[in-house]
Every structure is written in structure tokens, then in C-alpha cells.
Amino acid sequence: LCDEESWQWSSIPGTEACNILQDTFPRNVVHHILYHFSDNADDNSDDQNFALSEDKICRYNAELLLRHVDKMNLSEFEESWQLTVPDGMKTGVYQLEGLALIERDCNPHTIRYFPVEDMPEVIEERFMTLFKAKAKRSLESITPYIKDVATEKVGVGALLNKYARSSMQNGIKVYNSKK
């Protein structure tokens with residue numbers, strides 16, 4: 001619709017989009033999609049311009065590509081992924097935080113679906129799951145999977161001290177299971 005109407009994805013008129021698509025999709029569905037994939041949305045009204053979030057759209061398309069595959073060649077994934085997003089949007093691995101594991105210690109590099117939403121709620125079980133999936137993890141790769149269970153009193157660092165052991169690998173601090 002954006003291409004057809006020559007709208008920039010940074011300024012989609014909500015009411016007009018809902019009116020045009022109402023014969024194909026229920027108005028509340030169109031509004032929900034605009035709201036969900038925007039950064040500036042006011043939940044109560046489609047009478048506004050929506051700025052679609054490049055990161056949310058890219059992440060969603062990455063999830064669609066990864067959800068039903070066990071593992072994928074990283075470079076092939078990145079090529080396919082970029083082709084799935086609207087023209088002008090740029091994919092980046094930072095958009096995969098808490099969604100996928102990238103294995104760079106194999107050749108070719110691989111990627112697999114590993115969403116934080118599927119992690120156990122019990123912290124000890126979560127760490128066991130994380131280290132079962134990958135024995136050694138950098139702070140950058142483990143943080144997205146534990147920051148939602150961290151609190152003001154018990155931050156990411158304290159959780160790592162309690163449930164993980166640290167060591168240096170190629171000059172980078174990595175964490176592995178204490179058990």
C-alpha cells in the first residue's frame with residue numbers, strides 16, 4: 001500500500017490506510033498492525049501518521065525466516081533477510097538481539113532461531129538452557145537473554161556472578177556454566 005500510494009514508511013496516514021484496506025482487512029486489524037510496527041503510535045486512534053519502525057519490521061521478517069529452520073548459513077540468511085524488507089530499510093544483526101544465536105566459531109557461520117520469549121522463567125533453568133545451547137557466551141550475547149529477569153537490586157552482573165563462571169578466550173571475557 002505504501003508503494004501504491006507513494007507514502008514514505010516514516011509517515012503513513014492511519015485513517016487513510018484503514019479506509020483503503022477496510023474491504024480486505026478489518027479496520028481494527030489494520031490499526032493494530034500500524035500500531036504494533038510503529039515507534040510513535042498512540043494506541044487510541046488511527047487518526048494519526050504512523051512512522052513504521054525499521055527495526056521492528058526487520059526483526060519480524062528475520063523471525064519469519066528463522067522460525068521453521070533448524071540452522072541456516074549466516075551469509076545466506078542475511079541476503080534473504082534483506083530481500084524480505086521494504087525498499088529503503090536496512091537489516092542488521094543488532095536487530096536479532098534475543099531472537100537468534102549466531103555461531104561464528106564454525107565455517108560457514110550459522111544462525112538459528114533462539115527467542116528469549118521461549119526461555120524458562122526460573123533463572124537457574126534459564127542459565128542451564130543458555131549454556132546447553134552454547135557452552136561459552138560473551139557478555140554481549142548473553143545479556144539479551146537475562147536482562148528481563150534482572151532487577152534493580154540484582155542486575156545482569158550479579159546474575160552472571162551467581163550462575164556463571166567467567167574466563168578469557170582470545171582476549172574476550174566469556175561466561176560458561178558453573179556446573
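If you're wondering where the values come from, they're calculated on a predicted model, not measured in any experiment.
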Distance, nearest 0.5 Å, that separates [atom1] of [X] from [atom2] of [Y]:
{"X": "M128", "Y": "S177", "atom1": "CE", "atom2": "OG", "answer": "8.5 Å"}
{"X": "D3", "Y": "D87", "atom1": "CG", "atom2": "CG", "answer": "6.5 Å"}
{"X": "Q95", "Y": "E54", "atom1": "CD", "atom2": "CD", "answer": "6.0 Å"}
{"X": "H31", "Y": "L21", "atom1": "NE2", "atom2": "CG", "answer": "13.5 Å"}
{"X": "N49", "Y": "S38", "atom1": "CG", "atom2": "OG", "answer": "10.0 Å"}
{"X": "Q22", "Y": "C18", "atom1": "CD", "atom2": "SG", "answer": "8.5 Å"}

Query - Contacts of E97 that satisfy side chain to side chain donor-acceptor pair (under 3.5 Å) - sequence neighbours left out - result: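 Counting only residues at least two positions away or on another chain, E97 forms a side chain to side chain donor-acceptor pair (under 3.5 Å) with K147.
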
All ring-ring contact (aromatic ring centres under 6.0 Å, His included) counterparts of [X], not counting sequence neighbours:
{"X": "Y113", "value": "none"}
{"X": "W9", "value": "none"}
{"X": "H32", "value": "H36"}
{"X": "Y60", "value": "F37"}

Does the side chain of [Y] come within less than 4.5 Å of [X]'s, by heavy atoms?
{"X": "L130", "Y": "I146", "value": "yes"}
{"X": "T15", "Y": "Q48", "value": "no"}
{"X": "I111", "Y": "L66", "value": "yes"}
{"X": "D39", "Y": "K56", "value": "yes"}

State whether the side chain of [X] and the backbone N or O of [Y] hold a donor-acceptor pair below 3.5 Å, judged by distance alone.
{"X": "T143", "Y": "E140", "value": "no"}
{"X": "W81", "Y": "C58", "value": "yes"}
{"X": "S141", "Y": "R137", "value": "no"}

So which atom in [X] and which in [Y] form the shortest heavy-atom distance, rounded to 0.1 Å?
{"X": "A164", "Y": "K178", "answer": "O-CE, 3.1 Å"}
{"X": "V116", "Y": "P144", "answer": "CG2-O, 3.5 Å"}
{"X": "E103", "Y": "D105", "answer": "OE1-OD1, 3.2 Å"}
{"X": "I57", "Y": "P86", "answer": "CG2-CD, 3.9 Å"}

Is there a path of hydrophobic side-chain contacts, each under 4.5 Å between heavy atoms of I, L, V, M, F, W or Y residues, that connects [X] with [Y]?
{"X": "L101", "Y": "L99", "answer": "no"}
{"X": "M119", "Y": "V122", "answer": "no"}
{"X": "L139", "Y": "I172", "answer": "no"}
{"X": "F131", "Y": "V174", "answer": "no"}

Query raised in the report: Just wondering, are more than 12 heavy atoms of other shown residues or ligands nearer than 6.0 Å to NZ in K71?
Result: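 For K71, atom NZ is not crowded (no more than 12 foreign heavy atoms under 6.0 Å).
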
Query raised in the report: Would the number of heavy atoms belonging to other residues, nucleotides or ligands and lying under 6.0 Å from CD of Q8 be above 12?
Result: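 Atom CD in Q8 is not crowded, with 12 or fewer foreign heavy atoms closer than 6.0 Å.
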
Report task. Evaluate the criterion side-chain contact (heavy atoms from CB on, under 4.5 Å) for residue pair L96 and F77; output intermediate values, then yes/no. Result -> CA-CA 12 Å; L96 304 173; F77 164 76; 4.0 Å; yes

Query raised in the report: Which is it for D55 and S53 under the side-chain hydrogen bond (donor to acceptor under 3.5 Å, both in side chains) test, yes or no, and what are the steps along the way?
Result: CA-CA 5 Å; D55 290 342; S53 168; 5.4 Å; no

Report task. Could you please spell out the steps behind the side-chain contact (heavy atoms from CB on, under 4.5 Å) verdict for I33 and V30? Result -> CA-CA 5 Å; I33 290 169; V30 175; 5.9 Å; no

Report task. Output yes when R126 and D148 qualify as a salt bridge under the 4.0 Å nitrogen-oxygen rule, no when they do not. Result ->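 Judged by the 4.0 Å cut-off on N to carboxylate O distance, R126 and D148 do form a salt bridge.
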
Requested in this report: Begin with the C-alpha distance, continue with both residues' side-chain angles, and end with the deciding distance and a verdict on side-chain contact (heavy atoms from CB on, under 4.5 Å) for M72 and R112.
Outcome: CA-CA 6 Å; M72 193 171 184; R112 71 181 173 117; over 6 Å; no

**Report entry** ring pair (Phe, Tyr, Trp, His ring centres under 6.0 Å), paired with F127, selected from Y175, Y163, Y145
**Finding:**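 Only one of Y175, Y163, Y145 forms a ring pair (Phe, Tyr, Trp, His ring centres under 6.0 Å) with F127, namely Y163.
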
Query raised in the report: Quick one: side chain to side chain contact (heavy atoms under 4.5 Å, CB included) partners of A17, sequence neighbours excluded?
Result: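 Result, side chain to side chain contact (heavy atoms under 4.5 Å, CB included) vs A17: L1, W7, I12, L34.
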
